[in-house]
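Beneath this line is the structure, given in structure tokens, with notes to follow.
Order of the sequence lines fixes the chain letters, A, B, ..., with proteins taken first and strands second; residue numbering starts at 1 for each chain. Note: hydrogens, waters and symmetry copies are ignored here, and every other heavy atom, side chains too, is used.
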Amino acid sequence: MKKLVFNKNIVFFSFVLFVVSCSTTNVTEEAVYDSVVSSVEVSVQDNAVSASEEYSSKPIMANAVVYFDFDKYSLTSKSIQTLRSIVEVMNDNTDIEISISGHADERGTREYNLALGQRRGEAVRDYLMLNGISKKRISVKSFGEEYPLVKGSNEASWAKNRRAEIN
Amino acid sequence: MKKIILSLFLISNLYAELVLEITESSENPYKIAVHDFEGAGNLSKIISKVIKDDLLRTGEFNVLGSEDLLSSINDIEKINFKNYRLLGIDFILLGTVKIEDKINITVSYDIYDAVKEKKVRSSKVYGIPNKTRQLAHYVSDGVYEEITDLRGIASTKILYVNEIKARSRQVFKLMLSDSDGMNEQTLLSSDSPIISPTWSPDSQNVAYVSFETGMAKVFIQNIATGSRKIALENNYQISSPSFSPDGKYLSLTLYQDGNAEIYILDLSNKNLTRLTNHYSIDTESSWSPDGKKILFTSGRSGSPQLYEIDLLKFNSKPKRLTFDGNYNAKASYLPNNEGIIFVHRTGSEFQIALKYFNENFSRPLTQSRLDESPCISPNGNVIVYAIKDDEQGLLAGVTLSGAKFKLPASSGEVREPAWSGFLR
């Protein structure tokens, strides 16, 4: 009796081997993942209105734009001329506070351009501070290449976009 | 029942109008015969088309459709492998689409090896009728991994920024699409610029930079719920987010002392650890796949170059990785950690380049003028990046095997792509 069971096992074992060696077909089943997406909307139109009101209430403004070379944040002699007049206006009107925004052209990466725009803004601030304007009266931020003044992928447009705006 | 089939047909037909443009393919592709799937009327034709496009886009397949083959196959028993081999075909794909009811659809497919003359895979995918493209992508991924032994990416997603000029105002949208650029969905719609989108490692959340508060700030948003929060509350500009591979940390660029410096934010307690300290620009951080190193762009040599910091060594000095070209930026690691991809300038042109760690030169992968924002697929085989085509921003792709393609253009400018992890 025992012998018979043993034989059965051998038969079964060889059958399994046969199946494995003959069928190497991969058999799979899967279900498509059902993803959910929610959409969000943000608007800052209201903020924009209040900002322009703030500007219009100022009697005297120190407004100017200075330009830079590609991948550079050093001030050109023309920029320095412009900044001299800003210093004058700010010295004559000690209640004026200014905001400097640095910008870059579209070439190069967006994050590096954001950092570059900041350096440009700081170069302008540093000049004003060297000429006696208090740091407290100046704020600096960068918009990188996100707010071009002029559209177009050519040197003329790029030159106009590499700038620091003083408001 | 008739109604269901009709509406399926209409939905899918809209998608079918967009054409994938393969500009070049690789040198040594597998040749596969894809017979139009059987059943479910026109729907199976559309599924077959999606699968063929997916396989073409991998750059590793030469695809012959039913229109290229002499006869259609109704009875699998009658496959004459010799005829396929005469056409140089290595593999044969056959499938059936079955609409079970309103909410269930099943695709069964078999892959045959024409040389070994046998079935190598028999699979079933269960889906829902309004997600037939996703169902087809699952089939493509099954075929791809059966034949190449690599995980497929047809079922992954891409995040990108879309800028639309609507009348007098601009709209910036953070979009999500399938890896083929189809099935677009809006995650965020804003009147302020959005840059640097990136995925959390589990692909449940995205981080990005928005200018909606008047300055650059990093936000984290849940894809499913839409809930969003600012990553770090302070008065400074923050940008360039990148999740650590374990999802616990976010590296970012903080303008705390004016200049761009890289910090690591612990997302559980908001603790900040400073990583760089240099008077020049340091930004665009990204994590190595093992989470032990951080790659970043620095201007410390006088021009943007790529550096790496070892997080395990205390106070370790950044190691410079790029020496050729005067602009190397926005880098990320290959998923296998064997190299990096980045934006590289040669002459006046910005291109996408690849550098392996065991080589001392960069390999340019693209040839146009203003290429940027490269992102790599989770299987490490495909790079999608932003190009300017006729002053219009759109997305293009290149595979490491050399195939090139463009993704279908949506309206407006498309840029800043970011690839999800595996979703299947």
Side-chain angles (χ1 to χ4, degrees), chain A residues 22-45 47-48 51 70-73 99 101-102 105-119 121-122 125-126 135 139-148 151-155 157, chain B residues 118-128 131 134-135 138 142 146 176 185-193 195-196 210-216 221 223-226 228 237 239-240 253 255 258-260 281 283-284 297 303-304 327 329-330 343 350 369-370 372-373 388 391 416 423-424:
Chain A
C22 270
S23 164
T24 50
T25 306
N26 270 329
V27 179
T28 70
E29 282 191 32
E30 59 186 323
V32 172
Y33 171 65
D34 186 15
S35 61
V36 180
V37 172
S38 294
S39 181
V40 183
E41 202 163 322
V42 290
S43 172
V44 291
Q45 292 297 311
N47 292 357
F70 175 69
D71 199 26
K72 294 280 187 292
Y73 47 86
S99 144
S101 64
D105 71 30
E106 65 174 355
R107 292 174 301 163
T109 63
R110 288 175 186 272
E111 283 288 352
Y112 197 83
N113 281 337
L114 185 65
L116 184 61
Q118 181 70 19
R119 297 310 294 263
E122 285 179 1
R125 183 192 62 191
D126 291 350
K135 190 175 181 176
S139 67
V140 181
K141 58 187 170 183
S142 175
F143 292 106
E145 62 177 276
E146 307 312 319
Y147 289 95
K151 280 271 177 189
S153 298
N154 53 64
E155 184 49 48
S157 308
Chain B
K118 64 173 195 173
K119 191 192 276 190
V120 291
R121 184 175 175 124
S122 180
S123 297
K124 256 188 186 178
V125 187
Y126 304 99
I128 45 175
K131 298 215 163 138
Q134 196 62 357
L135 192 62
Y138 271 54
E146 180 60 43
L176 183 67
Q185 289 166 296
T186 306
L187 291 185
L188 176 72
S189 180
S190 173
D191 48 17
S192 306
I195 64 169
S196 306
S210 165
F211 288 83
E212 68 199 55
T213 65
M215 67 166 84
Q221 181 173 329
I223 294 175
T225 66
R228 61 199 290 267
Q237 299 177 102
S239 68
S240 201
T253 301
Y255 292 76
N259 188 32
I281 294 167
T283 188
E284 298 177 334
T297 311
S303 66
Y327 201 113
K330 184 94 179 172
V343 176
F350 291 85
R369 283 175 62 219
L370 287 166
E372 62 177 18
S373 309
K388 280 256 161 150
E391 305 216 344
E416 300 275 277
L423 302 173
R424 175 174 160 258

Among [options], which residue forms the greatest number of heavy-atom pairs with chain A at distances under 4.5 Å?
options	value
A216(B), S303(B), S210(B), S240(B)	S240(B)
Q134(B), Q185(B), K330(B)	Q185(B)
G142(B), A329(B), S192(B), S190(B)	S190(B)
S122(B), S373(B), A260(B), G226(B)	S122(B)

Item checked: Stepwise side chain to side chain contact (heavy atoms under 4.5 Å, CB included) check, N26(A) with V120(B) -> CA-CA 6 Å; N26(A) 270 329; V120(B) 291; over 6 Å; no

Distance in Å, [X] [atom1] paired with [Y] [atom2], rounded so as to fall on 0.5 Å steps:
X	Y	atom1	atom2	value
K124(B)	T28(A)	NZ	OG1	11.0 Å
Y126(B)	E29(A)	OH	CD	3.5 Å
E212(B)	S43(A)	CD	OG	10.0 Å
L114(A)	T253(B)	CG	OG1	8.5 Å

Checklist line | For chain B, the option from R107(A), E41(A), R119(A), E106(A) that forms the most heavy-atom pairs under 4.5 Å | finding: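 So the answer, after comparing R107(A), E41(A), R119(A), E106(A), is R119(A).
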
[X] versus chain A, the contacting section by heavy-atom distance below 4.5 Å:
X	answer
K388(B)	side chain
I223(B)	both
I128(B)	side chain
L188(B)	both
L135(B)	both
V343(B)	side chain

Could you report the tightest heavy-atom contact between [X] and [Y], atom names first, then the distance?
X	Y	value
N113(A)	Y327(B)	OD1-OH, 4.4 Å
V40(A)	Q221(B)	CG2-NE2, 3.5 Å
V37(A)	T186(B)	CG1-O, 4.3 Å
D71(A)	P304(B)	OD2-CD, 3.5 Å
Y138(B)	Y33(A)	OH-N, 3.1 Å

Notebook entry, point to check: Given T25(A) and K118(B), is the side chain to side chain contact (heavy atoms under 4.5 Å, CB included) satisfied, shown in steps?
Noted result: CA-CA 8 Å; T25(A) 306; K118(B) 64 173 195 173; over 6 Å; no

Next item on the list: Taking E372(B) for its side chain and R110(A) for its backbone only, find out whether a donor-acceptor pair lies under 3.5 Å.
Entry: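 It does not hold such a pair.
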
Next item on the list: Give, as side chain, backbone, both or neither, the part of S101(A) having an atom under 4.5 angstrom from any heavy atom of chain B.
Entry: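 Neither part.
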
Notebook entry, point to check: Quick one: what part of Q118(A) sits under 4.5 Å from any heavy atom of chain B, side chain, backbone, both or neither?
Noted result: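 It is the side chain, since no backbone atom gets that close.
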
Next item on the list: Decide yes or no for V27(A) and S123(B): does some side-chain heavy atom of the first lie under 4.5 Å from some side-chain heavy atom of the second?
Entry: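 They are not in side-chain contact.
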
Check: Hey, mind stepping through T109(A) and E284(B) against side-chain hydrogen bond (donor to acceptor under 3.5 Å, both in side chains) and telling me if it holds?
Finding: CA-CA 9 Å; T109(A) 63; E284(B) 298 177 334; 2.4 Å; yes

Next item on the list: Just say parallel, tilted or perpendicular for the rings of F211(B) and F143(A), cut-offs at 30° and 60°.
Entry: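 Plane angle between 30° and 60°, so tilted.
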
Margin query: Check this for me: R424(B), atom CZ, are more than 12 non-hydrogen atoms of other residues, nucleotides or ligands nearer than 6.0 Å?
Written below: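 Yes, because the 6.0 Å sphere around CZ of R424(B) holds more than 12 heavy atoms from other groups.
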
Margin query: Hydrogens and angles aside, do E111(A) and S196(B) bring a side-chain donor and acceptor to less than 3.5 Å of each other?
Written below: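 The answer is yes; a qualifying pair exists.
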
Item checked: Full working for side chain to side chain contact (heavy atoms under 4.5 Å, CB included) between Y255(B) and V140(A) -> CA-CA 10 Å; Y255(B) 292 76; V140(A) 181; over 6 Å; no

